[in-house]
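In the text below, chain A, chain B and the rest are named by the order of the sequence lines, each starting its count at 1. The structure presented is a predicted model; accordingly, all values stated were derived computationally and were not measured.
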Amino acid sequence: MRMSKLLVPTLREVPSDAEIMSHKLMLRAGYIRKLAAGIYSYLPLGLRSERKAEQIVREEMDRAGAQELLMAALLPAEVYQASGRWEVFGDNMFKLKDRNDRDFCLGPTHEELFTQTVINEVRSYKEYPLTLYQIQTKYRDEARPRFGVMRTREFVMKDAYSFDRDEKGLDESYNKMYDAYCRIFKRMGLDFTIVDADSGAMGGSGSQEFMVKSPVGEDGIAYCDACGYAANYEKAQCIPTKKEYPEGDLSLEKVETPDVHTIEELVSFFGTEPYVFAKTIIYKADDKYIAAMVRGDREINEVKLKNLVGCVDDLELAEPFMVRQLTNAEVGFAGPIGLDIDVYVDLEVAEMKNFIVGANETGYHYKNVNINRDFTPGTVADIRVIEEGDVCPKCGKPIKTAQGIEVGHIFKLGTKYSKALGLNYTDESGEPKVVIMGCYGIGVTRCIAAAIEQNYDDNGMVLPVALAPYHVIVVPVNSKEEEQMKLAEKIYDSLNEQGIEALLDDRQERAGVKFKDADLIGIPLRIVVGKKCEDGIVEYKLRTEDKAEEKTIEQAINDAVKYIKSNL
RNA sequence: CGGGAUGUAGCGCAGUUUGGUAGCGCAUCUGGUUUGGGACCAGAGGGCCGCAGGUUCGAAUCCUGUCAUCCCGACCA
């Protein structure tokens, strides 16, 4: 493609609403343009990159034996009503009505429709195992779209669903997808970590997320370099750490603590450390109220707590008036002593001695509290958020934490949808059985953003060959010099003939402009045709390298073809 | 949905405090000089100052409402 004909509206200045690098660069490089919050259009370069990512996913899905199909994206409400998710999704689903006032939505994910399709179309147990997938635009009315293409309301997703006769079959299908995902993200040049994820209260026997480590990631992950353990915050198992507490069986003491509500305020009031306190938080769990206690320097992990409590809705902090009613005190003075609701106590709190809690009386705290003597915990369990400095639950070495971008999620669904919708089969002996399902998602558009987040420099994107919109850019330094243009054309034609996707910068621009644009849009290899072209010498520069090499024309072409093909 | 901020030319911004005919840089167009890391000179075009009300002789500027966008939080199959 000739740059003079290509729509690449690069920007010198960054639109002010872009915050993270991938967003800024995709805008500056003319990859995308925003239409509304969380809704983007793809210009030619952006579309090419997105298509490359799709193609990698497609090839690896096919290799793993999955079959591609394409479902409708505009779906009648009944699809989701049968599973109850019409209500579960609620405002997160784009809902609309047709001219006859029938309810429809734009598909946010397709478990139901795939399940229904298998019910309708699969006739014999002999057709299992079966894995189907599609690459499709998904719609979710996110409460807060953000970070450019990272979290959007319209995005391309690959979703796959496996159907097996038994758990063993599910394990095999799941492992195939796991391997395929590893290959996909490797081919995309992503530095990723696979973490154990929470599989939710709705069951399912396992779930893993593919995370690209990046400071702009929205998910916290804990990992161990020593043994390879990795889990997201929700799932990561916490081992209690030891702290020093006053020795002996000190007697309980009520202390007046006027206007001291928060842990920070307590720390300065008592002149001690946060771990000497245990905080008591009141939650609403469905229609009842519970209390949860963690050490003062820790945070409650609401997902762990929710799974433990076994409630259906997510936990919510109790309303202030309920806190007053339950504790007989203003918010900030809750404690376990004399509290008449279930108290869930973190493992670490169970090891504390002579510690400080709220007194359930405005303006007072208890000192020298001891478990079992002063109050009896309901349930003792791991309910806190893991932190840097914790020890690895697997090998005991120090755990590290990082932020990650979730690019893929694989999930053993089990029978959740097959039971709800009636996906059964009759086995060899005539027994009716329920089909076991798995689901597997990749945020294709998000992969591009993640790749950019991991690969950029001051001049722009440094895209891996596999995702770059074009492989090579041929730059005649001065488009008016006939000799240079002729040679550049020759190189350009030769590359194209050999299957390399080349750009020719034939614009009437100064060299500096061409170099800046080539760098910005992230083309992996640049061949510059300049003054020395009369001697048959051109410049060969990888985007990842600072310096260029001089090569003969033939050498440059051969090396380019070799380099690109070996990095695809 | 709570908190904060911002809407002025394609992009980045000033002007708003103290009301008086809308400005700068980049980009675009024309002519010329340039040509290896976002050139220079000269000229030109481009605006319902987010939208709607109000106050005023007069509103980008003050008041009210509304919409949109971004950030923090809640939320995120």
Residues A:Glu234 and A:Lys304 bridged, charged N to O under 4.0 Å =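 No salt bridge links A:Glu234 with A:Lys304.
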Once you apply the 3.5 Å cut-off to both distances, tell me the Watson-Crick or G-U wobble partner of [N], or none.
N	answer
B:G47	none
B:A74	none
B:A9	none

What's the CZ-C1' distance between A:Arg153 and B:C75, to the nearest Å?
->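 Atom-to-atom, A:Arg153 to B:C75, this comes out as 15 Å.
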Length of the CG-P vector between A:Asp458 and B:G37, whole Å |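 These atoms are roughly 18 Å apart.
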When rounded to the nearest Å, what value does the distance between [atom1] atoms of [N] and [M] take?
N	M	atom1	answer
B:A52	B:C67	C1'	10 Å
B:G65	B:G2	P	15 Å
B:A60	B:C48	P	13 Å
B:C11	B:G38	C1'	14 Å

Nearest listed nucleotide, side chain of [X], among [options]:
X	options	value
A:Val513	B:G38, B:C70, B:C75	B:G38
A:Thr10	B:G38, B:G73, B:G12	B:G38
A:Asp517	B:C13, B:G38, B:G73	B:G38
A:Ala37	B:C72, B:U69, B:G38	B:U69
A:Lys516	B:C70, B:G37, B:C72	B:G37

Checking all strands, does A:Met93 fall into the base, sugar-phosphate, or nothing category for heavy-atom contacts under 4.0 angstrom?
-> nothing
Have a look at A:Arg33 and say if it touches a base, only the backbone sugar-phosphate, or nothing, with a 4.0 Å heavy-atom cut-off.
-> nothing
Between the protein and nucleotides 1-6 of chain B, list the N/O to N/O atom pairs that are separated by less than 3.5 angstrom.
none

With nearest nucleotides of RNA chain B determined for A:Cys439 and A:Phe147 from heavy-atom distances, which residue corresponds to the more 5′ nucleotide?
-> A:Phe147
Quick tally for nucleotides 23-36 of chain B: nucleotides whose base has a protein heavy atom under 4.0 Å get B, sugar-phosphate-only ones S, the rest -, giving --BSS------BBB
Take A:Tyr40 and A:Glu154 through the test side chain to side chain donor-acceptor pair (under 3.5 Å) and record every step on the way to the result.
-> CA-CA 8 Å; A:Tyr40 290 85; A:Glu154 176 183 273; over 6 Å; no
